[in-house]
Enquirer: 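One structure, pasted below without further comment.
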Protein chains: 2
Amino acid sequence: MSRYDPSAFPPFAVTVDLVLLTVREHELCALLVRRGEPPFQGYWALPGGFVRPGEGLGEAASRELAEETGLRAHASPGQVMAGAHLEQLATYGHPQRDPRMRVVSVAHLALAPDLPTPKPGGDARGARWAPVSELLGPGRTDREPLAFDHELILADGVERARSKIEYSALATAFCPEEFTVGELRRVYEAVWGVVLDPRNFHRKVTGTPGFLVPSGGTTTRQGGRPAQLFKAGGATVLNPPMLRPES
Amino acid sequence: MSRYDPSAFPPFAVTVDLVLLTVREHELCALLVRRGEPPFQGYWALPGGFVRPGEGLGEAASRELAEETGLRAHASPGQVMAGAHLEQLATYGHPQRDPRMRVVSVAHLALAPDLPTPKPGGDARGARWAPVSELLGPGRTDREPLAFDHELILADGVERARSKIEYSALATAFCPEEFTVGELRRVYEAVWGVVLDPRNFHRKVTGTPGFLVPSGGTTTRQGGRPAQLFKAGGATVLNPPMLRPES
DNA sequence: GCAAAAGTGTTGAGAATACACCCATGT
DNA sequence: ACATGGGTGTATTCTCAACACTTTTGC
């Protein structure tokens, strides 16, 4: 049982898959692409692909994200760049998860603002934003399954996003560069599937140092009284955290 | 740029590495093994090895853990079995992290009680429990480095353990099957490197439903007044969480 | 004027801290 | 008797949730 025997290691294929989430029309949505080849031809799947020989895992995820959306982001320290957040999620390596060969997939989680292109077309095949409630909800047993174990990966990604906006400033990754407190609140409401008190929410986020910085302008794009515009502050961890109701 | 092309995928070696932590004499310690072959021959490293062809990632980690300690644990849902906790940590795949070939390592985090064997000998080479303060502390620039990127992996594992005992019942994985509130408190103190108020700690953990269940007995092994013995309760998530001071 | 969304003030409930104090053992 | 750790009570401080109320726009 010698370890690290270079002449005898079993070869694996390594891919990255992307759980790319956004908030559209008050709903948390994930990007899916239609598979053009077997296996699972015609099924919807998470975007992904092989890691190239000289490429790091975060680099590969970043490249896939750029191919699908045009956004630039780096995965290394879980950082936000050019409006998108990218971080490693988990790795899936069940021996039979791909019927052709042994494939280990390093899934990444990406959070992006509502993109202007409704159907991003990095590849020629179809792509769509699907509400996660239609993909994972406990109802709807008639839904068409995703390829491979992508339903599991998606569920893990959604769970991670839901818990991470509690104690980090990541919810701003779902917003455009400038946004109002109300828009940020609607992000929380969509991701958690709850309604929050607008007054307490306002006090909380504006009172957390480093979370939001005023950008000077105002907007009335949501109707009503003009709202102050903010940008994401430097803070990455929220203390005290946002509290999810009904826990 | 066709994806999932079986005839052209670049082959990777896939390993699992273990960040195995325990608390010994009021200190958080990690298990290290001495490398017997190049590269990094003679360096201390995290225990680990190749994933076998028919084996899942959690299975491989579980097997490595058993080889090193004799403990049984399953990694799938991050579960505790036979006194140890095992969960996937993160995956490390920098192209040059192994000088021989392209290796992707799926690191796992394991938490175990103080084991009776001071120097577990799963392999013939040496093994030791090293206090993490000696391996990662900001001082001690003279310390010998670990093999590969294992210092980074260890740091990530320690950080995960520190934050996870805040909002989960995982600290009990560091304790024997039956333990006192004081022993559990000393686990928190060792992992966080702080001192906690024994009175408030006692009220907090005994007041959190499902965290601890009395096992009926008492002990005086810590001296002083006999302390009630507890076992880990079924709860996995702590609500409200334990609060780390000075944040 | 009226609806709609933004923002402020106030109040009461519950949790965390700090610490005084008592309890039950070993030596 | 005394040291040692286990465990309870209590006052102060802080945060959170609930909600009344005011502000500023579009129609």
Side-chain angles (χ1 to χ4, degrees), chain A residues 25-26 165-167 175 178-190 192 194-209 211-231 237-247, chain B residues 23 25-26 165-167 175-176 178-190 192 194-231 235 237-247:
Chain A
E25 297 161 15
H26 290 210
I165 63 172
E166 259 183 275
Y167 57 89
C175 295
E178 290 195 333
F179 53 91
T180 69
V181 171
E183 287 162 354
L184 182 63
R185 175 171 47 84
R186 279 178 272 278
V187 163
Y188 274 93
E189 291 178 334
W192 284 345
V194 299
V195 289
L196 300 173
D197 185 304
R199 292 97 73 170
N200 293 333
F201 183 87
H202 186 279
R203 207 193 336 267
K204 178 99 181 201
V205 296
T206 55
T208 300
F211 193 2
L212 302 181
V213 294
S215 74
T218 62
T219 183
T220 62
R221 62 185 173 225
Q222 302 289 342
R225 166 174 165 182
Q228 221 181 331
L229 284 168
F230 292 88
K231 294 196 282 196
V237 51
L238 258 37
N239 210 313
M242 302 295 299
L243 290 185
R244 187 164 14 173
E246 181 75 3
S247 65
Chain B
V23 173
E25 297 161 13
H26 291 208
I165 63 173
E166 259 183 275
Y167 57 89
C175 296
E178 289 195 334
F179 54 90
T180 69
V181 171
E183 287 161 353
L184 182 63
R185 176 171 47 83
R186 279 178 272 278
V187 163
Y188 274 92
E189 291 178 334
W192 284 345
V194 298
V195 289
L196 300 173
D197 185 304
R199 292 96 74 171
N200 292 334
F201 183 88
H202 185 279
R203 207 193 336 265
K204 177 98 181 203
V205 297
T206 56
T208 300
F211 193 3
L212 303 181
V213 295
S215 75
T218 62
T219 183
T220 61
R221 63 183 172 226
Q222 302 289 343
R225 165 176 165 180
Q228 220 181 333
L229 283 169
F230 292 88
K231 295 196 281 195
V237 52
L238 257 37
N239 210 312
M242 302 295 299
L243 290 185
R244 184 164 15 173
E246 179 76 2
S247 65

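Numbered from 1 within each chain, the chains take letters A, B, ... in sequence-line order. The shown structure was predicted, so the numbers you read here are calculated from the model rather than taken from an experiment.
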Enquirer: Minimum heavy-atom separation for A:Cys175 to A:Leu184, with atom names?
Expert: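 It is SG-CD1, 4.0 Å.
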Enquirer: What is the distance from CG of A:Leu238 to C1' of D:dT15, rounded to the nearest Å?
Expert: 15 Å
Enquirer: Please state how far atom CD in A:Gln222 lies from atom C1' in D:dC27, giving the value in whole angstrom units.
Expert: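 Answer to the nearest Å: 17 Å.
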Enquirer: Between atom CG in A:Leu184 and atom P in C:dG7, what is the gap in whole Å?
Expert: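 Rounded to the whole Å, the gap is 12 Å.
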Enquirer: Answer yes if the side chains of A:Ser215 and A:Glu178 hold a donor-acceptor pair under 3.5 Å, and no otherwise.
Expert: yes
Enquirer: Taking atom P of C:dA5 as reference, at what distance in whole Å does atom CZ of A:Phe201 sit?
Expert: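 Answer to the nearest Å: 16 Å.
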Enquirer: Minimum heavy-atom separation for B:Leu243 and B:Trp192, please, with both atom names.
Expert: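 Of all heavy-atom pairs spanning B:Leu243 and B:Trp192, the closest is O-CZ3, 3.8 Å.
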Enquirer: With distance as the sole test, does A:Thr180 use its side chain to make a donor-acceptor pair with the main-chain N or O of A:Glu183 at under 3.5 Å?
Expert: yes
Enquirer: Applying a 4.0 Å non-hydrogen cut-off, can you work out what A:Arg185 is touching in the nucleic acid: base, sugar-phosphate, or nothing?
Expert: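 Sugar-phosphate contact only - A:Arg185 comes under 4.0 Å of backbone atoms but never of a base.
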Enquirer: Measure CD/B:Gln228 against P/C:dA24 and give the value in whole Å, please.
Expert: 13 Å
Enquirer: If you round to the nearest 0.5 Å, how far is CZ of B:Phe179 from CG of B:Leu212?
Expert: 5.0 Å
Enquirer: How close do B:Pro209 and B:Ala235 get, counting heavy atoms only, and between which atoms?
Expert: O-CB, 4.0 Å
Enquirer: Would you say the ring centroid of B:Tyr188 lies under 6.0 angstrom from that of B:Phe201?
Expert: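 When the ring centroids of B:Tyr188 and B:Phe201 are compared, they turn out to be within the sub-6.0 Å range.
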Enquirer: Hey, is the main chain of B:Leu196 close enough, under 3.5 Å, to the side chain of B:Glu189 for a donor-acceptor pair?
Expert: yes
Enquirer: Could you please name the option among D:dG6, C:dA5, C:dG7 that lies closest to any side-chain atom of B:Arg186?
Expert: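 Of the candidates, D:dG6 comes closest.
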Enquirer: Rounded at 0.5 Å granularity, tell me how far CG in A:Asn200 sits from CZ in A:Arg185.
Expert: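 If we round to the nearest 0.5 Å, A:Asn200:CG and A:Arg185:CZ are 11.0 Å apart.
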Enquirer: Phosphate oxygens OP1/OP2 of D:dG7: is one of them under 4.0 Å from a side-chain N or O of B:His202?
Expert: yes
Enquirer: How many angstroms lie between atom CE of B:Met242 and atom CD1 of B:Ile165, to the nearest 0.5 angstrom?
Expert: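 B:Met242 CE to B:Ile165 CD1: 8.5 Å, rounded to 0.5 Å.
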Enquirer: State the dot-bracket string of DNA chain D. Criteria: Watson-Crick or G-U wobble, both atom distances under 3.5 angstrom; notation: ( ) intrastrand, [ ] crossing earlier pairs, | interstrand, . unpaired.
Expert: |||||||||||||||||||||||||||
Enquirer: Measure all distances between protein nitrogen or oxygen atoms and nitrogen or oxygen atoms of nucleotides 14-16 of chain C, and list the pairs falling under 3.5 Å.
Expert:
unit_1, atom_1, unit_2, atom_2, d
C:dA16, OP1, B:Lys204, NZ, 2.4

Enquirer: Tell me if a side-chain donor or acceptor on A:Lys204 pairs with a main-chain N or O of A:Arg199 at a distance below 3.5 Å.
Expert: no
Enquirer: Within the 4.0 Å limit for protein heavy atoms, which parts of nucleotides 18-26 of chain D are touched? Write it as a string from 5' to 3', B for base, S for sugar-phosphate only, - for none.
Expert: BBB--BBB-
